[in-house]
Amino acid sequence: YYGPFPRVNQIDLYLNLIDQLFPLRKCRGKLKLKPNPCLNYHINRCSAPCCGRISREDYLKQVESVKLLLSGKTEKLVRELNTAMHQASGNLDFEKAGKYRDRILAIEELAAEQKVVDFIGEERDYIGFLSRDYLACGVILQMRGGKLVGRETFLFEDYSPDSELMLHFLTRYYSNMEKLPGTIYLPEKIDSKLYTEFLARLTGKKIKILYPQKGRNTRLVAMAQGAALEKLSSSENNQRQLLKALQKSLHLPAVPNKIEGFDIAHLGGRDTVASMVTFLHGMPQKSRYRQFRIRSLKGKIDDYQAIREVIARRYSRLLNENQQKPDLILIDGGRGQLNAALSILSALGLSSIPVAGLAKREEQIFLPQNPEPLILEPSSPALRLLQRVRDESHRFATSRHRSMRDKKVQTSILEEIDSIGPQRSKLLLRHFGSLEKIAAAKAEEISLLLGIKTGPAETIPACLSRLLSRRAQSHSKGKD
């Protein structure tokens, strides 16, 4: 028996290291001799004792090494590996010596965290937190009984103001915890009074929020900050590689650091809307999202014309305001939608901006220079990024269309009430926000808002309540 391990992620850390450094057999039951090793051997996850690829003596040594690692006796394990490394080096077997060296380095790196100890038994968490653009990383180092027993790392997108980011992260994290530490150390100040009140309601006890300035607590916060920086930098590097892969796949003249995606939504030609989403460095920038109500169709269904209108409006403004051009424009659709966008960009003198269309059917990518659509592997990172931009533009367009549809339904219900026309219904909805709030409003407030007498104003909430009740009953019958 080995343990207990305070955190699940600590168990995973050990198991992953064992899998890499001391690959034991994965098959269960009694060892049976086989002519050929399985896939695990070929990917270095098994030493294949069933095929004689490792001697019994060497395999048992691996088992003993695993026991030492799980028991926390890493110093003894490192000593044994050092001896084996020097023996291999002395025999001029440098490849084997190199493998021992790599094992030693990996074990020492794992043990370094576990060696952070002090003599204070209080339960404490040390927080590291950093954000760049819309990507944020939070790291929690957990001290329990004077030992660093765990580390949790979270990488996520967040669109809150910078001053609120860490507070949002902490709230989400500790809301799901069964047991909280007595003290939480932070790298920067938040509204600690408000947050301690929140934690007190959550746990029934007072949790201290501190900002260390010197000593061991400062060093531990710095360690958490360093881990957050490392994770954030690694993620940003992955994003750069992803964008380069997209550039290569589409033969773009530059890395597509700025992508603008477009989609159209309508219901039978009514209330046609277009959406534009912006991705910077592979991440969505929601503050730059835009929605357009299409004006030129007049009830007709014409996605090509809708694309022409939204592209004309967006990029005429870009030219007028001298805004930064995107490195790639992505249209949700096939060759027809792509050509509609290209015709407007050409007329505006913006033919140099790369454009692509992504059709949902078979995920075909249409490019101006290619007569045939490009089809990438479903697992391609470049395709996944394009899908993400396309799906986000689709979500944003349909959400706008849904809100317009709901508003029309609400105004039509209000207009069933005597003395309420289109203008007054819009004024009521703009002021109160929903039909339910209008139904609950006081006659005096409605009277003042609409400029009518109190008597007629009293009838509006009452009539609306009856209409809403009748509507709810008809919906209920429809479901039955």
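Quantities reported herein were computed from a predicted structural model and do not represent experimental measurements.
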Self-check item: All ring pair (Phe, Tyr, Trp, His ring centres under 6.0 Å) counterparts of Phe366, not counting sequence neighbours
Solution: none
Donor-acceptor contacts under 3.5 Å from residues 205-214 side chains, at least two apart:
unit_1, atom_1, unit_2, atom_2, d
Tyr211, OH, Ile190, N, 3.3
Tyr211, OH, Ile190, O, 3.4
Gln213, NE2, Tyr211, O, 3.2

Exercise. Tell me, please, which residues at least two apart from Asn322 pass side-chain contact (heavy atoms from CB on, under 4.5 Å).
Key: none
Quiz item: With sequence neighbours excluded, what pairs up with Arg317 under the salt bridge (charged side-chain N to carboxylate O under 4.0 Å, His left out) test?
Solution: Glu321
Quiz item: In chain order, what residues pass the side-chain hydrogen bond (donor to acceptor under 3.5 Å, both in side chains) check against Glu260, with sequence neighbours excluded?
Solution: Arg314, Tyr315
Quiz item: Can you name the residues that form a side-chain contact (heavy atoms from CB on, under 4.5 Å) with Pro187, not counting sequence neighbours?
Solution: Ile127, Met166, Val221, Gln225
Please list, one pair per line, the donor and acceptor atoms closer than 3.5 Å that link side chains of residues 327-343 to other protein atoms, with sequence neighbours excluded.
unit_1, atom_1, unit_2, atom_2, d
Asp327, OD2, Asn257, N, 3.1
Asp327, OD2, Lys258, N, 2.9
Asp332, OD1, Lys360, NZ, 3.3
Asp332, OD2, Lys360, NZ, 2.8
Arg335, NH1, Leu367, O, 3.0
Arg335, NH2, Asn370, O, 2.7
Arg335, NH2, Pro371, O, 3.3
Gln337, OE1, Gly334, N, 3.1
Asn339, ND2, Arg335, O, 3.4
Ser343, OG, Ala340, O, 2.7

Quiz item: With distance as the sole criterion, is a donor-acceptor pair present between the side chains of Arg308 and Gln305 under 3.5 Å?
Solution: yes
Practice problem: Could you list the residues that satisfy side-chain hydrogen bond (donor to acceptor under 3.5 Å, both in side chains) with Lys244, not counting sequence neighbours? | Solution: none
Quiz item: With Glu197, which residues qualify under salt bridge (charged side-chain N to carboxylate O under 4.0 Å, His left out), at least two apart?
Solution: none
Please tabulate, for the side chains in residues 56-63, all donor-acceptor contacts under 3.5 angstrom to protein atoms that are two or more places apart in sequence or on a different chain.
unit_1, atom_1, unit_2, atom_2, d
Asp58, OD2, Ser55, OG, 3.3
Tyr59, OH, Arg25, N, 3.1

Quiz item: Residues two or more places apart in sequence or in another chain: which of them pass salt bridge (charged side-chain N to carboxylate O under 4.0 Å, His left out) with Arg132?
Solution: Glu236
Exercise. Using only heavy-atom distances, determine whether the side chains of Gln142 and Glu123 contain a donor-acceptor pair under 3.5 Å.
Key: no
Quiz prompt | Partner set under salt bridge (charged side-chain N to carboxylate O under 4.0 Å, His left out) for Asp263, not counting sequence neighbours | solution = none
